[in-house]
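Notes for the one structure printed next.
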Amino acid sequence: MSSLRGVRLKGVTKVFGENIGVKDFSLDIQPGEFLFLLGASGAGKTTLLRIIGGYEQPTSGTIEIDGEDVTGLPVHRRNIGMVFQNYALFPHLTVAQNIAFSLKMRQMPKTEIAERLAEVLELVELSGLEKRYPKQLSGGQQQRVALARAIVFRPGLLLLDEPLANLDRRLRDTMRVELKKLQKRVGITTIMVTHDQEESLSMADRIALMHQGQLEQVGTPTEIYNLPASPFVGAFIGEMNVLRGDVVAVSANACRVQSAGLEFNIPPQPEIQVGGAVTVCLRAERFTLSRLEDKTPELVEGWNSCQAQIEFISYLGDATLYLLRPQAGPLIKVLKSNTSGQTMHTIGENVHLAWPMLSAICFVNAGV
Amino acid sequence: MREGKYPVKLYAPGTGLGFKLKNRLASLKKPWLWLLLPMVGLLTGFFLIPLLWLIRMSLYDRPASNSSGGSRFYDPNSFTFKQYGDILTDSYYFTIISTTFLQAALITFVVMLLAYPCAIMIHRFSARLKTTALLVVILTKLTNLLVLTYGLLVLLSNSGIINSSLQKLGLIKEPISMFSNLFAVVVAETVIIAPYPVLIIVSALEGQDPTLEQAARGLGAWPLRAFYETSFKLTWSATLGASFIVFNWALGAYIGPLVMGNPDTYTVAVEVYNATFSQNNWPLGAALAVSNILLLVGLLITINLMPRLLKRAVQIGRTGA
C-alpha cells in the first residue's frame, strides 16, 4: 500500500439539528501535503476533521482517499492516524503499549511490533521512555507519544486536532519545527486543525481558512497573507485595518475613496466606479509614522498621508502596536518593528501617518 | 509522592489489604480528618460495640429454659464454644450456609448480568435521557422494601397478572409456579439490589474520557474491542467493587428468601431470626451471624490475595523453582 495518498472532499456538509457545522466543503489535498484547517472556534474545522476521520458522518457529500470513497467506512477500517487535542493516551497502558495498540489490533507478529516500535520511538525521540505511563510524562512527551501512536501503523492520512494547543509557548515553538520536519520526513499527507494563525503560516504547505462552516480561501501562507480573497480572510490573519468607504473619484492612476471622513487613494480596478462602495484592507505593518516637527519627507507619488493622534501604544517586544485617530476617519492600527535607532512616540502625540497606495487590498462591496 | 504510579489507582481503595501505616498516621495531622469523626462515632457506637457484644454472646449458652424471666439473652456462667461446635457438626447449618453463599453468587451473577449492559446504555444516552433513566433506576429504591416484595409476590403468584394473562392468551393451561421457589427469590433480590451496581458503574463510566474509545477505534479496534480495551478495562475495579457490594447484599438477603422462597432457599439471616425469636436461642443466632461474617471476610481476603498468589505461582512455574 502506498504511503502517499491524495484526499478529495466533495460538498461535505454536516447539519446538527438546526445548526450548520460544515457547509458544502470541497477541497483536493495533494499527497504528502501539510494542509491546515484554520478558523475561529466554531468555524467547523474540528467537525470537518472528525468527518474525514470517520468519527462523524456527514449529512451529505463524499470523502475520497486515494480515489476510494470512504464516506460510509467505519472509523476502525479507515486506516487514518489521529492526534486528539487532549492526546487521548490510554492511561492504563505504557508508552510502548499505547504506541503498539494499533499494531496489536492488526495482529502483527511480536517481532515486527518491536521493530516498528523502536523505529518510531527513535523518530519522535522517546527511546528509553517505553515503560512509563502517560501520567509520568511531560506535555511535550505526551504529545510525541500521541504522534507516534498515530503514525506507527503507517496510515494513509494523518489528522491533527490542535495538537500544540496544550503546550506552553516555548515548547510549542519547538514542536512546530519538529512536527513540520517529521511530517516531511515521513511524507504523510497531513491535515491539522488550528485557530492559531501564526502556527498555520509557519508550518503549512497550504491553508484552508474556514468561516461559519464554509471554505473562505485556500492557498499557500503567502497567498493567504498577501492576497486575501475576502476582507474576512484579510482581517483574520495578521493585524489588518478594514475600512469601508465610498468611491468619490476615479482616474487612470488611482481611485479616491472616502471612509468616515478620511480620504485616500487606492489602485484603480476596472470594477471600481464613482459612487460604489468598497472595503479597503490595509496591513498594519505597511504604515510609516513620523513626528510632525520632523521635516515631512517629500512623499513619493503613490503614497497616502494624513495627520493622526496616537491614542494607545502596546509594546510587544519585537514590535510596537499603535492605535491612531486621524483628524477624520476610523481608528487605524499601525505595527512598527522595534529597531535600535527608532523614534519613540508617546500617547497623545500628533504624527504624520503615511502608506503606499499599492499596499491597499480592495474589495467592491457586492449589493450592499 | 504517589503521583505517577498509575496502576496503583486501578485498585479501588479498600480492596488492597496492605497499606502503609506510617502514611496513615502522618495523615492524622490533617485537620479535615476530623470530618470523619461523626461517622466513626456512629459506627463505633452502633456497629462495632454491638458486634463485639454479639461475638461475646455467641460464646455462651442459652439460659436454662426454666430460669425465670425472658429478659436474659444468655447464661453468663456458661462460657462455651458449643454454638460453633453445633454449627460445624450439624449438616443442617452447613446446608444453610452453603445455600446462602451459592444463592448470593447466583444473585450476584444475575444482577451484574443485568446491571452492566444497563449501565453502558445509560452512559451512552443523551444528557436528558440519562437523567430520566437514572431517576427510574433510583425510583425503585423509593418503594418500601416489603411493599415491593409483596408486589412481586402478587405479580408472580398462580393467580397473578403474568399467569392469568398467559392463561387468557391460551399459551398455558395450568399456572406456572413462579413463587415460593429459587426463581422468585432471585427475581426479588435482583429487583432490590440491581440499582446499586447500575449507579456505581454509570458513575465510573462517566468519569472516563470519551475520546479514549474513539482513539482506540481510530487505531483499528472494532467497536466492541475498543470498548473492552478502554472503558471496560478502566472501570474494571469499579465493576469488581460493585460486584462485592452486590454479593455482600445478597449474602444478607432476608425478605426475598422469606417472602418469595421456601425453606430450601432460607438464608443465614432467616435462620438467625428463627434461632433468636422462634427458638429463643440468642447465642446460637449470634454464632450464626458471626460465622457468616467470618466466612465473608475469609472469602474477600482469598479473592484479594488470589491475583498475587496466582502471579507468584506463575513466576515460580517460569523459573522452574
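Within every chain, numbering begins at 1; the chains are lettered A, B, ... in the order of the sequence lines, protein sequences first and strands thereafter. Side chains are part of it too, since the values below use all heavy atoms of this structure and drop only hydrogens, waters and symmetry mates.
Between B:T211 and A:A88, the shortest heavy-atom contact is OG1-CB, 3.6 Å. The two residues B:A221 and A:F101 come nearest to each other via the heavy atoms CB-CE2, 4.2 Å. Looking at every heavy atom in both residues, B:P223 comes nearest to A:H76 through CD-CE1, 3.5 Å.
Counting only heavy atoms from C-beta outward, the side chains of A:R50 and B:Q214 approach each other to under 4.5 Å.
For CD of A:E122, the number of neighbouring non-hydrogen atoms (other residues, nucleotides, ligands) closer than 6.0 Å is 12 at most. Within a 6.0 Å sphere centred on OH of B:Y228, other residues, nucleotides and ligands contribute 12 heavy atoms or fewer. Applying the 6.0 Å contact sphere to OH of B:Y116 captures more than 12 heavy atoms from other residues, nucleotides or ligands. Counting heavy-atom neighbours within 6.0 Å of A:K23 NZ, excluding the residue itself, gives a total of 12 or less.
The CG atom of B:L212 sits 7.5 Å away from the CG atom of A:N86 when rounded to the nearest 0.5 Å. The distance from the CG atom of B:L219 to the NZ atom of A:K104 is 12.0 Å, given to the nearest 0.5 Å. Expressed to the nearest 0.5 Å, how far CZ of A:F90 lies from NZ of B:K233 amounts to 10.0 Å.
Looking at B:A216, the atoms closer than 4.5 Å to chain A (heavy atoms on both sides) sit in the backbone and in the side chain alike. Neither the backbone nor the side chain of A:R132 comes within contact range of chain B; no heavy atom of the residue lies under 4.5 Å from a heavy atom of that chain. With a 4.5 Å cut-off on non-hydrogen atoms, A:L137 does not touch chain B at all. Contact of A:R77 with chain B is not made at all, since no heavy-atom distance falls under 4.5 Å.
In this structure, the side chain to side chain donor-acceptor pair (under 3.5 Å) partners of A:D28, at least two apart in sequence or on a different chain, are A:R8.
Counting only distance, with no hydrogens or angles, the side chain of A:H92 and the backbone of B:E229 share a donor-acceptor pair below 3.5 Å.
Residue pairs meeting the salt bridge (charged side-chain N to carboxylate O under 4.0 Å, His left out) criterion with at least one member in residues 207-221 of chain B, sequence neighbours excluded: B:R124-B:E213.
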